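Reckoned from all heavy atoms, side chains included, excluding hydrogens, waters and symmetry mates. Here the structure is a predicted model, which means the values were calculated and not measured. If you read the sequence from its start, that first residue is 1, and numbering goes on from there. First listed ligand is number 1; within each ligand, the first listed atom is number 1.
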Amino acid sequence: MAVVKADGYGHGAVPAAQAALGAGATWLGVAIAEEAIALRAAGIEAPILVLGWTPPEQAGEAIAAGIDLTVFSLADAAAYRGGRLHVKVDTGMTRLGFSAAEAPGAVADLAALPGVEVRGIFTHFAGSDEDDLSGARRQLATVQSVLGALPFRPPFVHAANTAAVFRLPEAHFDLCRAGIGLYGYGGPGLRPALRWLTRIAQVRDVPAGTGVSYNSTYVTETSERLATLPVGYADGLPRSLSNRGAVRVAGCIAPIRGRVCMDQTVASLAGSPDAKPGDPVVIIGDGQWADEVAATAATIPYEILCRIGPRVPRIYLRA
Ligand SMILES: *Cc1c(COP(=O)(O)O)cnc(C)c1O
């Protein structure tokens with residue numbers, strides 16, 4: 001199952017889905033019904049599971065579009081008539097799901113509802129990416145005990161996210177729900193799928209003692225050559241990179257000077273003094289991939305990728 005929620009982790013849900021299906025994925029996973037309906041509207045006919053909550057009033061449209069829904073409450077299930085359902089079991093994430101104790105009874109009750117098909121049962125790991133996998137293994141043991149107590153085994157048992165794909169083969173069951181790994185992060189031997197580039201809007205030389213960007217949080221100590229970039233936090237460049245992050249110009253580090261603004265950012269050209277307006281600038285790419293940018297911004301690559309804004313055009317390169 002290729003997880004293409006949040007616009008394919010920022011890469012574009014439809015192209016990501018098409019690429020994954022073309023490469024052998026058989027299912028798609030999304031967070032909300034609107035995302036699944038948008039994939040159907042783009043002509044994608046593969047099985048799709050909504051991994052999160054579907055409000056009862058949206059269920060009819062999703063079910064009519066042949067979209068599988070996640071269920072974790074019998075009250076919601078009353079509105080999921082005619083649906084193919086995957087029962088979510090909370091085995092330790094403490095986020096969404098029937099408890100392990102409730103799950104076998106819930107499966108029996110759901111299967112008894114007219115027109116409902118219990119097509120799957122699944123859980124989600126809280127820490128399959130941690131050095132210590134004991135928590136994940138405890139969750140897996142809970143899954144096994146739930147499976148043993150079920151009145152029947154649904155066709156699709158699933159648990160693994162990307163980290164578990166690589167690190168917990170016992171968790172593979174019938175489907176693996178891979179998200180971040182598809183985009184090149186979160187496992188060994190992966191190549192990032194996305195580069196994020198901008199261009200230099202203006203180059204300027206300023207004297208020592210010049211305040212840069214809002215509130216002059218950076219003041220030049222010597223004369224400095226600066227590049228103004230037409231990208232800001234509205235595009236997903238974290239404001240927390242103000243005076244901390246860097247971009248790459250002509251292969252050299254160009255530290256961000258002063259505050260990242262909504263639409264513009266200033267960087268030092270000390271390392272690449274020959275750069276000109278119009279030249280390309282790497283935000284994510286060779287020299288600094290999304291995991292590094294994320295570390296500087298005190299977040300994770302998931303957030304850096306999925307927040308790349310709609311103003312940034314996506315350009316797809318095919319070999
Ligand atoms: C997002 C998500 C995934 C994918 O997780 P990755 O770590 O990106 O592989 C899998 N399952 C569920 C329920 C999710 O919400």
Original post:
Gln264 versus Val231: any side-chain heavy-atom pair under 4.5 Å?
Top reply: no
Original post:
Do other residues, nucleotides or ligands put more than 12 heavy atoms under 6.0 Å from Glu170 CD?
Top reply: yes
Closest approach of any protein heavy atom to [atom], naming residue and atom:
{"atom": "atom 9 (O) of ligand 1", "answer": "Thr162 OG1, 2.5 Å"}
{"atom": "atom 11 (N) of ligand 1", "answer": "Arg177 NE, 2.8 Å"}
{"atom": "atom 8 (O) of ligand 1", "answer": "Tyr9 OH, 2.5 Å"}
{"atom": "atom 7 (O) of ligand 1", "answer": "Tyr302 OH, 2.6 Å"}

**OP:** Fit a plane to each ring of Trp27 and Phe156, take the angle between them on a 0 to 90° scale, and name the class: parallel (under 30°), tilted (30 to 60°) or perpendicular (over 60°).
**Re:** perpendicular
Original post:
How close do Leu226 and Arg257 get, heavy atom to heavy atom, and via which atoms?
Top reply: CD2-CG, 3.9 Å
Original post:
Atom CG in Leu305, atom CD1 in Ile284: separation rounded to 0.5 Å?
Top reply: 5.5 Å
**OP:** Can you measure from CG (Leu194) to OH (Tyr316) and round to the nearest 0.5 angstrom?
**Re:** 8.5 Å
Original post:
Any N or O on Val3 sitting closer than 3.5 Å to an N or O of ligand 1?
Top reply: no
Original post:
Among Met93, His158, Lys5, Met1, which residue places a heavy atom closest to atom 15 (O) of ligand 1?
Top reply: Lys5
Subject >> Closest to atom 6 (P) of ligand 1 (judged by heavy-atom distance), picking from Ile180, Val4, Leu51 >> reply: Ile180
Original post:
Between His124 and ligand 1, which residue portion shows a heavy-atom distance shorter than 4.0 Å: side chain, backbone, both, or neither?
Top reply: side chain
